Amino acid sequence: MGQAVEAFGVAVVGFGWMGRVHSRAYARVRHHYPLLPLRPELVTVADEVPGRAESAAEQFGFATATRDWREVAADPRVRAVSVTAPNFLHREIGVAMAEAGKHLWIEKPVGLGAEDARAVADAVAAAGVQGAVGFNYRNAPAVEAARELIAGGGIGAVTHARVRFFSDYAAHPEAALTWRFERERGGSGVLGDLASHAADLARFLLGEIDALTADTAVFLPERARPAGATAGHARAAGGAPGQVENEDYVSCLLRFASGARGVLEACRVSVGEQNAYGFEVHGTQGAVFWDFRRMNELGVARGTAYQDQPVSTVQVGPGHGEFAAFQPGAANAMGYDDLKVVEAYRFLRSVAEGVPHGAGLPDAVRGAAVVDAMVRSAQSGGWVGVGVG
C-alpha cells in the first residue's frame, strides 16, 4: 500500500505569464515529488480582464473561473492561493487570503515596499497558515551548491561579491506604459522587480546586509499608453505618451553583517542583455561564479595557489539541491519552470508538515527592507542602514 495522498484545492489570482507558471508548477509537482502527501487540484482562477480567467480554465483545467478574487477568498474548496497579480494588489489580496485561512504562495516583491510585505507576513503569522514567496533563483541547484560551499569555508572568508540582474524587457522605446512604470501601482520599478531578486540572492548566499548606498536612474522617461489590457511586456506604438515614474536602473554598494563588501546592480533597459542574472563571490582562498543563462554550471576556484589559481566548471548533478527530482545525471539541463516546481514543492511540503521550507514571508520583508533602503539612499545621496523594523 502506498502513502495516503490528500486532494488539495488550489487557486491562482492573476493570470498573466506568472499565473501560467504557477499553474504548470502545480500540475507537475507530483511528477517530480511522488511522495508529496498533497495532490494539488486546480479549483478556480481569477483575473479581472474579461475572458482571461475563462480562457485559463479551459486551457489549464481549473474547475471554475471568476473576475473577482474575493470569490476565491470565500470559496471553501480553496485551501491555498497563488497570488500572481500586479504588485499594487499584493497587500490587499495577500492579507485577505490569509485572513480567510488560505495558505499563500505570493510573488515577489509582495507589494510596493517593506510595509506591504510586513502586513502580509503579519496576516500569515496571525492566521497560522503557511506562506511562500517567489524568490525562484535561490532554488537553482548551482546556487544551493554555492551556498553550501561558501558556508563550509570552501573559498575561505568571503571578502567581496557582485550580484547583477540585467535585462532588456523594457529596452524598446515602444514598450507600453503599463502599471509597471507607475509609482503608485508598480512601486520602485526595477528595484522591486529585479533588484529584489538580487537582494534575496545576496542574503541567501552571504547573510544580512547592514548598510548600503545606492544610485538610480530613468533612461527612457516617456512611453506610450496602451489602448487596452496588456500581458507581459507588450508594445504600444502610437499611443498617447506618458511619463515613466519609477526606476530603470540601480547600482548599490553593500556592507554585510559579516564584514564582507558587495556590489548590486540591476537594469531593465540593458540592450543586448537577456536575463543576465548572476553573481561572483570572492573569498580569501577562492571564488565562486554563477550565471543564470548557464543555470546548471558553477564556476569554482579553490586551492592554495592564490595567484593564477584556475577556475573549474562544475556541472551540477543529483547531489546538488533538488536536481535529482528532475534529472538522473549531471549536465542534463534544468530550466526556469523547474525552479517554480521546486518552489511549489517546498510550499506544499510546508503545508503538509506545518513547518516552513524555502523562501517565506520573512525573506520578503527583509528583502523589501533592502529595496526601501536603496530608495532612501538614492534620495539622500548617502549611506543608510537596512532595518526590518
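As the structure is a prediction and not an experimental result, all values here were calculated from the model.
Note on D337 versus R24: salt bridge recorded, some NZ/NE/NH1/NH2 to OD/OE distance being below 4.0 Å. Between R138 and D363 a salt bridge is recorded (basic side-chain N to carboxylate O distance below 4.0 Å). Between R164 and E273 there is no salt bridge, since no side-chain nitrogen of the basic residue lies less than 4.0 Å from a carboxylate oxygen of the acidic one. A salt bridge links E343 to K340: at least one charged side-chain nitrogen sits closer than 4.0 Å to a carboxylate oxygen. Salt bridge status for E280 with R162: present, with a side-chain N to carboxylate O gap under 4.0 Å. With salt bridges taken as basic N to acidic carboxylate O contacts below 4.0 Å, none links R39 and E6.
Rounding to the nearest 0.5 angstrom, the gap separating the OG1 atom in T178 from the CZ atom in R185 is 7.5 Å. Taking CG from L112 and CG from L89, the interatomic distance works out to 9.0 Å, rounded to the nearest 0.5 Å. For the atom pair CD (Q130) and NE2 (H357), the distance works out to 8.5 Å, reported to the nearest 0.5 Å. A distance of 11.0 Å separates NE2 of H282 from CD1 of I150, quoted to the nearest 0.5 Å. Going from atom CG of L35 over to atom CZ of R349 covers 11.0 Å, rounded to the nearest 0.5 Å. Taking CZ from F15 and OG from S23, the interatomic distance works out to 4.0 Å, rounded to the nearest 0.5 Å.
Listed for the R223 side chain is a donor-acceptor partner under 3.5 Å among the backbone atoms of A170. Between the side chain of R366 and the backbone N or O of I209 there is no donor-acceptor pair closer than 3.5 Å. Between the side chain of D372 and the main chain of A114, a donor-acceptor pair closer than 3.5 Å is present. Within the 3.5 Å criterion, the main-chain N or O of R183 finds a donor-acceptor partner in the side chain of E245. Under a 3.5 Å cut-off, the side chain of S377 and the backbone N or O of V384 do not form any donor-acceptor pair. The backbone N or O of R28 sits nowhere less than 3.5 Å from a side-chain atom of R30 that would complete a donor-acceptor pair. In this structure, the side chain of N296 engages the main chain of M334 through a donor-acceptor pair within 3.5 Å. Between the side chain of Q309 and the main chain of Y306, a donor-acceptor pair closer than 3.5 Å is present. Proximity of a side-chain donor or acceptor of N246 to a complementary backbone N or O of R180 within less than 3.5 Å is detected. A donor-acceptor pair is defined here as one N or O able to donate and one able to accept, closer than 3.5 Å; no such pair exists between the side chain of T159 and the backbone of T284.
Residue F219 is not grouped with residue L194 when hydrophobic side chains (ILVMFWY) are merged at heavy-atom distances under 4.5 angstrom, including chains of intermediate members. The cluster map of Ile, Leu, Val, Met, Phe, Trp and Tyr, joined by side-chain heavy atoms under 4.5 Å apart, puts V271 and V244 in different clusters. When the side chains of ILVMFWY residues are joined at heavy-atom separations under 4.5 Å, either directly or via intervening members, L264 and W383 end up in two distinct hydrophobic clusters. Under a hydrophobic clustering in which Ile, Leu, Val, Met, Phe, Trp and Tyr are joined whenever their side-chain heavy atoms come within less than 4.5 Å, directly or via other members, L38 and V355 fall into different clusters.
At a cut-off of 3.5 Å, with distance as the only test, a side-chain donor of T64 or R77 sits close to an acceptor on the other residue.
Side-chain contact check for T84 versus V12: some heavy-atom pair is nearer than 4.5 Å. A 4.5 Å side-chain heavy-atom check between L254 and V263 finds every atom pair outside the cut-off. Residues R20 and F60 form a side-chain contact, since some pair of their non-hydrogen atoms from C-beta on lies under 4.5 Å apart. Proximity of L348 to P40: side-chain heavy atoms (C-beta onward) are separated by under 4.5 Å at one or more points. Side-chain atoms of I155 and Q285, non-hydrogen and from C-beta on, never get closer than 4.5 Å to each other. Residues S258 and V158 have side chains not in contact (no heavy-atom distance under 4.5 Å, counting atoms from C-beta outward). Side-chain contact check for M97 versus I106: every heavy-atom pair is 4.5 Å or farther apart. Side-chain contact between L201 and F165: present, with at least one pair of heavy atoms (C-beta onward) separated by less than 4.5 Å.
In this structure, V311 shares a hydrophobic cluster with F289, the cluster being traced through Ile, Leu, Val, Met, Phe, Trp and Tyr side chains under 4.5 angstrom apart.
Partner Y277 forms a ring-ring contact (aromatic ring centres under 6.0 Å, His included) with one of F166, Y336, Y137 and no other, that one being Y137. Considering D193, D248, L220 as possible partners of R268, the one that fulfils the side chain to side chain contact (heavy atoms under 4.5 Å, CB included) test is D248.
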Test W290 against F292 for side-chain contact (heavy atoms from CB on, under 4.5 Å), laying out the working first.
CA-CA 7 Å; W290 180 73; F292 172 65; 3.8 Å; yes

Dump the intermediate steps for ring-ring contact (aromatic ring centres under 6.0 Å, His included) on F204 and F135, then the final yes or no.
CA-CA 10 Å; F204 184 68; F135 289 128; over 10 Å; no

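For R255, there are no side chain to side chain donor-acceptor pair (under 3.5 Å) partners at least two apart in sequence or on another chain. Residues satisfying the side chain to side chain donor-acceptor pair (under 3.5 Å) test with E54, not counting sequence neighbours, are none. With sequence neighbours excluded, no residue forms a side chain to side chain donor-acceptor pair (under 3.5 Å) with Q327.
Under the 30°/60° scheme for interplanar angles, the aromatic rings of H103 and F347 are found to stand perpendicular.
Among residues at least two apart or in separate chains, side-chain hydrogen bond (donor to acceptor under 3.5 Å, both in side chains) pairs with a member in residues 86-96 are R70-E92, R91-D116. Within the structure, ring pair (Phe, Tyr, Trp, His ring centres under 6.0 Å) contacts touching residues 20-42 (residues at least two apart or in different chains) are H22-W105, Y26-W105, H32-F326, Y33-Y345.
The two residues G113 and A368 make their nearest non-hydrogen contact at C-CB, 3.9 Å.
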